[in-house]
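Everything below concerns the one structure shown next.
Just so you know, ligand 1 is whichever comes first in the structure, and atom 1 is the first atom listed for that ligand. FYI, the numbering just counts along the sequence from 1.
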Amino acid sequence: MDFFRLEPTARSSWRLAVLMGANTRTYKFALGAALLDAAAEGRSEILLRDLAVPYAMGLVRHLGQAPQVSSNAKTGESDFLSVAGREATESLELGHPTEELLAATLQSMPRMVMKKFHNLRSEGVEVPHRFYEVTGSSRERVVRLSEHLRDIARSEQSASLRGELSARWSIVETSFAAGIGRSLVLEGVAVDMATLRITDRQRRRSVAGVTDAVIGFQHGLCLICGVPITPGVDDIAVDHVFPYSFMSRLLGPGDRGTTPDLDAVWNLAPTHAPCNRQKSDRPPTPAEMTRLARRNEAIMQSPHPLRRTLELTLRHNGHTGTRPGEWFTFIQRVHGLP
Ligand SMILES: [Zn+2]
């Protein structure tokens with residue numbers, strides 16, 4: 001996959017697993033968050049029962065906000081999420097999982113999410129790096145955390161990885177919600193330019209920040225200078241890669257309907273704030289256009305609803321929305337418009 005080839009690191013493997021897998025449940029995000037925290041402490045192993053605590057608590061906190069399973073999936077009484085639902089209130093009051101929830105978590109984790117975390121969408125294909133191994137006996141399972149995991153959890157981009165994971169979690173669970181989910185899956189997302197948040201088109205309910213939602217697909221790098229952006233340290237701006245001035249120069253107001261929407265995900269990219277100020281109103285350079293096309297091609301590998309959003313942009317502008325590489329031609333065409 002091009003995304004991995006451009007930066008063949010453990011961090012890219014992590015992003016493949018977290019951002020680009022198919023999801024019918026949100027277990028992967030709860031596990032990812034718990035793994036990053038454990039590895040950030042520099043640990044090389046952790047008892048499964050200790051990892052299970054933040055994992056289960058992450059899920060019960062999210063259960064209160066949105067469904068954690070696709071409405072197409074079947075969940076029975078004994079399903080882990082049914083147990084979590086029953087035990088959520090008490091666990092949240094306690095500040096840790098109830099005994100019943102912990103027991104269900106210890107049963108479910110090694111059989112489900114820990115088996116699947118490294119899988120790519122196609123059956124039997126795994127991401128190129130491994131982040132943990134489950135060892136120990138069935139009485140006491142131990143999770144060995146790999147050096148790759150410790151490296152990324154303590155790297156300069158770890159804050160970015162956390163933000164990406166939580167934005168992805170939020171987008172996926174929102175797409176599971178009745179009503180809003182359906183509109184997200186069919187119509188994709190909109191962007192509220194005032195708050196720079198991704199919203200659903202119908203109710204304009206905030207889902208995630210634009211930066212957190214897309215920065216992982218550009219490898220955490222500024223689209224203008226290509227250097228990593230560190231959340232919490234760097235001032236971040238969301239750049240209109242093709243600025244308004246670019247479109248309005250030659251087109252009258254009546255032509256607006258025929259030009260692509262510049263306030264949409266395809267044209268918005270996180271940058272360092274100083275890079276963005278310096279760029280001002282100039283059109284994008286060839287390097288920036290290539291980065292944007294690559295970023296958008298990567299989003300196309302990620303399941304609904306971000307992919308849907310980009311698919312619709314392509315289709316409204318005369319492309320199929322399904323062929324790889326269309327972003328390169330589309331962006332070249334936009335550049336030739338005025
Ligand atoms: Zn920059």
Side-chain angles (χ1 to χ4, degrees), residues 2-16 18-20 36 151-168 189 191-198 208-247 260-302 306 309-310 313 327-328 330-332 334-335:
D2 281 352
F3 179 81
F4 185 79
R5 241 191 14 196
L6 285 166
E7 194 205 292
T9 61
R11 194 160 48 214
S12 295
S13 285
W14 177 268
R15 285 180 165 133
L16 287 177
V18 171
L19 302 178
M20 300 189 200
L36 281 181
D151 285 349
I152 64 165
R154 290 182 294 174
S155 75
E156 52 173 15
Q157 285 201 38
S158 71
S160 197
L161 295 178
R162 277 158 213 274
E164 293 161 23
L165 183 145
S166 108
R168 182 84 199 138
V189 301
V191 175
D192 176 15
M193 291 309 298
T195 57
L196 290 175
R197 311 255 326 157
I198 279 178
V210 172
T211 294
D212 286 336
V214 304
I215 196 169
F217 299 100
Q218 52 191 67
H219 296 276
L221 307 177
C222 169
L223 196 100
I224 296 173
C225 72
V227 170
I229 297 175
T230 313
V233 175
D234 291 325
D235 259 351
I236 305 176
V238 173
D239 184 43
H240 281 87
V241 181
F242 288 94
Y244 292 119
S245 57
F246 180 78
M247 285 296 163
D261 180 5
L262 298 183
D263 283 343
V265 172
W266 76 271
N267 188 44
L268 298 171
T271 59
H272 296 111
C275 291
N276 180 249
R277 277 195 296 274
Q278 209 170 30
K279 181 187 170 223
S280 183
D281 271 353
R282 71 159 167 76
T285 62
E288 288 157 9
M289 288 194 291
T290 303
R291 288 191 194 113
L292 180 67
R294 281 180 181 153
R295 195 280 310 263
N296 288 351
E297 291 287 332
I299 294 178
M300 299 295 284
Q301 302 299 314
S302 168
L306 281 187
T309 312
L310 293 193
T313 301
W327 278 105
F328 290 90
F330 175 60
I331 283 167
Q332 284 301 333
V334 176
H335 190 248

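Side-chain contact between F217 and M20 is present, with heavy atoms from C-beta onward closer than 4.5 Å. At a threshold of 4.5 Å between non-hydrogen side-chain atoms, the residues H272 and V227 count as touching.
The backbone N or O of D263 sits less than 3.5 Å from a side-chain atom of D261, completing a donor-acceptor pair.
Around the Zn ion (ligand 1), protein N, O or S atoms at a distance under 2.8 Å total 4; waters are neither shown nor counted.
Applying the salt bridge (charged side-chain N to carboxylate O under 4.0 Å, His left out) criterion to R168, with sequence neighbours excluded, gives no partner residue.
Atom-to-atom distance recorded for F242:CZ and L262:CG is 8.5 Å, nearest 0.5 angstrom.
Side chains of T9 and E7: a donor on one and an acceptor on the other come within 3.5 Å.
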